[in-house]
Number of protein chains: 2
Amino acid sequence: MFKRAKQSRVFQDVVDQIQEAILTKKLAPGTRLPAERDLKEMFNTSRGTLREALRVLEQKGLIEIKLGVAGGAIVKQIDTDPLMESLALLIQSGEVSLEHLSEFRIKIEGSLVELATERASPKDIEELERLQARARHCYDIQDWESFLKTDEAMHTYIGTMTRNPVFQFVQKSIHDNIHRYYQDFLPMNRERTLENLQDFDKIITAMKSKNGAAASAIITDHVQRFHDKMTGKRP
Amino acid sequence: MFKRAKQSRVFQDVVDQIQEAILTKKLAPGTRLPAERDLKEMFNTSRGTLREALRVLEQKGLIEIKLGVAGGAIVKQIDTDPLMESLALLIQSGEVSLEHLSEFRIKIEGSLVELATERASPKDIEELERLQARARHCYDIQDWESFLKTDEAMHTYIGTMTRNPVFQFVQKSIHDNIHRYYQDFLPMNRERTLENLQDFDKIITAMKSKNGAAASAIITDHVQRFHDKMTGKRP
DNA sequence: AAGAACAAAATGGTTTAACCATTAGGATTA
DNA sequence: TAATCCTAATGGTTAAACCATTTTGTTCTT
């Protein structure tokens, strides 16, 4: 029925107060908080306790701490980095496997591409073609590592095109984490890379003609093939 | 080209060492770390610095700290709570809106229900029917708050049925966050609640006959209607 | 005047030693 | 036997000092 009353953790109270101020924009991104020695006076606490609070806020991605004179705690623009770090922990701990991620991709990436197609601006298409050209160059000089990076950038950019930060986070974190362990499971070679290039050619073509359904179908198949290779159904 | 060399932050080194030990299962969940006064000796550091490290690990969700004798830092089973907290921060900061979340739901929840249908065990269906009965009871006594909680529990349970932690996290975090701000946008009433009940009746029926496509279609429509109401397209 | 070298000061990072608050478990008592 | 109290281990907090880094201004050299 009731929750246990708040334990007396002074630093938690400091965290809450500063977090509240940041979330309600009383402290805008870029703002520099007072020095630790001043903050400790304001909160009527010791410097050690205050620093524990700052450590927590830093870990949450709400502030960034710089050294030296003119240094201090600076309010950060909130981003998805802490989210991605948490996901990486789940993967590294084995709680989430690459197969799990890959299965999720199969279900989501088609919808994502469809949305991106609907909302694509001419500039977006240009950027995709620029990335695709770079990928082709990497293929030509057989630089698989750079190819993978470009591939990741393309997927991530398609996420951006949805104009929806949830999709953007999903896309970024999936590909960031998949690529981090890619080599262990599925080393790139000439054949796979070429297949990848051709798929993206088709996707960009479909996007240009605003054919979201087609683009979705192509990438879903693309992802499905990747999943099958990884899980060894078609080794 | 190069990253700046690691800054001398002793507590970060302590964090890394303990995190490494946890992720590689050298420290299993449930294990109790030595007392702070002992750890500080092992790492050859001061207690303050050590505590900053513990604070970070606690924030990451890797350990839990208990008070009193026989207390201390206990290795936690990693879960999705830190991920959900990060998402909540993004929402509270306005970086992600409920409309963004809702749009994401429309695209994903159909696939999720389809997967859940494929993998549903008889026990799962029983559990869903139990929850549905509870929801009906809440409807009968017009307890909208409990109804919402039960509704959230059903969605979350369907996530569990996918047997894929990624879907589980997505479902949990979406509904946890949507319901947190539900009342502000869309207060429940007799009509909406009844509609909700009927939709779930259909979904469970479709699941029982292993008709994933039908279940998917029903919930997608359900979510779409919710989204339209919230964004005011059909007020 | 321009640039290089140096010095000063502010700030975060760390250390030490002490005391307070909480809690499990044993000792005591009714 | 059961309730109560005491003890000791452990996390939480405080205080004062010193170290390390970095910006900024000053001085010296050419």
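None of these values were measured; they are calculated from a predicted model. Proteins come first, then strands; the chains are lettered A, B, ... in the order of their sequence lines, and each starts at number 1.
Side-chain atoms of A:Ser86 come within 3.5 Å of backbone atoms of A:Pro82 as a donor-acceptor pair (strictly under, hydrogens ignored).
Set against C:dG13, D:dT23, D:dT13, the side chain of A:Leu67 has C:dG13 as its closest nucleotide. Of the candidate nucleotides D:dG12, D:dT23, C:dG12, D:dG12 has the atom nearest to the side chain of B:Glu36.
Per the geometry, CZ belonging to A:Arg47 stands 16 Å off P belonging to C:dT16, to the nearest Å. Atom CD of A:Glu52 is separated from atom C1' of C:dG13 by 14 Å (rounded to the nearest Å). The distance between atom CG of B:Leu39 and atom C1' of D:dG11, rounded to the nearest whole Å, is 12 Å. Here the P atom of nucleotide D:dT21 and the NZ atom of A:Lys66 are 18 Å apart, to the nearest Å. Following rounding to the nearest Å, A:Arg51 (CZ) and C:dT14 (C1') show an atom-to-atom distance of 8 Å. A straight line from CD1 of A:Ile74 to P of C:dT11 spans 12 Å, rounded to a whole angstrom. Summarising the geometry, the separation between CG on B:Leu33 and C1' on D:dT10 is reported as 13 Å, rounded to the nearest angstrom. For B:Leu54 and D:dG12, the CG to P distance is 9 Å, given to the nearest whole Å.
Between A:Val166 and B:Arg105, the closest side-chain pair of non-hydrogen atoms is not below 4.5 Å.
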Worksheet item: So A:Val15 and A:Lys60, side-chain contact (heavy atoms from CB on, under 4.5 Å) or not? Walk me through it.
Response: CA-CA 10 Å; A:Val15 168; A:Lys60 286 187 179 199; 4.2 Å; yes
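When the side-chain nitrogen and oxygen atoms of A:Thr49 are compared with OP1 and OP2 of D:dT14, one or more of them lie within a distance under 4.0 Å. Look at A:Arg32 and you'll find a side-chain N or O under 4.0 angstrom from OP1 or OP2 of C:dT11. Put simply, A:Arg37 has no side-chain N or O that comes within less than 4.0 Å of OP1 or OP2 on C:dA10. Within the 4.0 Å cut-off from OP1 or OP2 of C:dT15, at least one side-chain nitrogen or oxygen of B:Thr45 is found.
The base of C:dG12 is not paired with the side chain of B:Arg9 by any donor and acceptor separated by under 3.5 Å. No hydrogens or angles were tested; on distance alone, nothing pairs the side chain of B:Arg55 with the base of D:dG12 as donor and acceptor under 3.5 Å.
Using a 4.0 Å cut-off between charged nitrogen and carboxylate oxygen, B:Lys76 and B:Glu64 do not count as a salt-bridge pair. Here A:Lys149 does not pair with A:Glu152 in a salt bridge; the nearest charged N to carboxylate O distance is not below 4.0 Å.
Figure legend: cation-pi geometry between B:Arg130 and B:Tyr157 absent, as NZ or CZ is not positioned both under 6.0 Å from the six-membered ring centre and within 45° of its axis.
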Just the table, please: protein N/O against nucleotides 25-27 of chain D N/O, every pair under 3.5 Å.
none

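Between A:Tyr139 and A:Phe147, the ring centre distance reaches or exceeds 6.0 Å.
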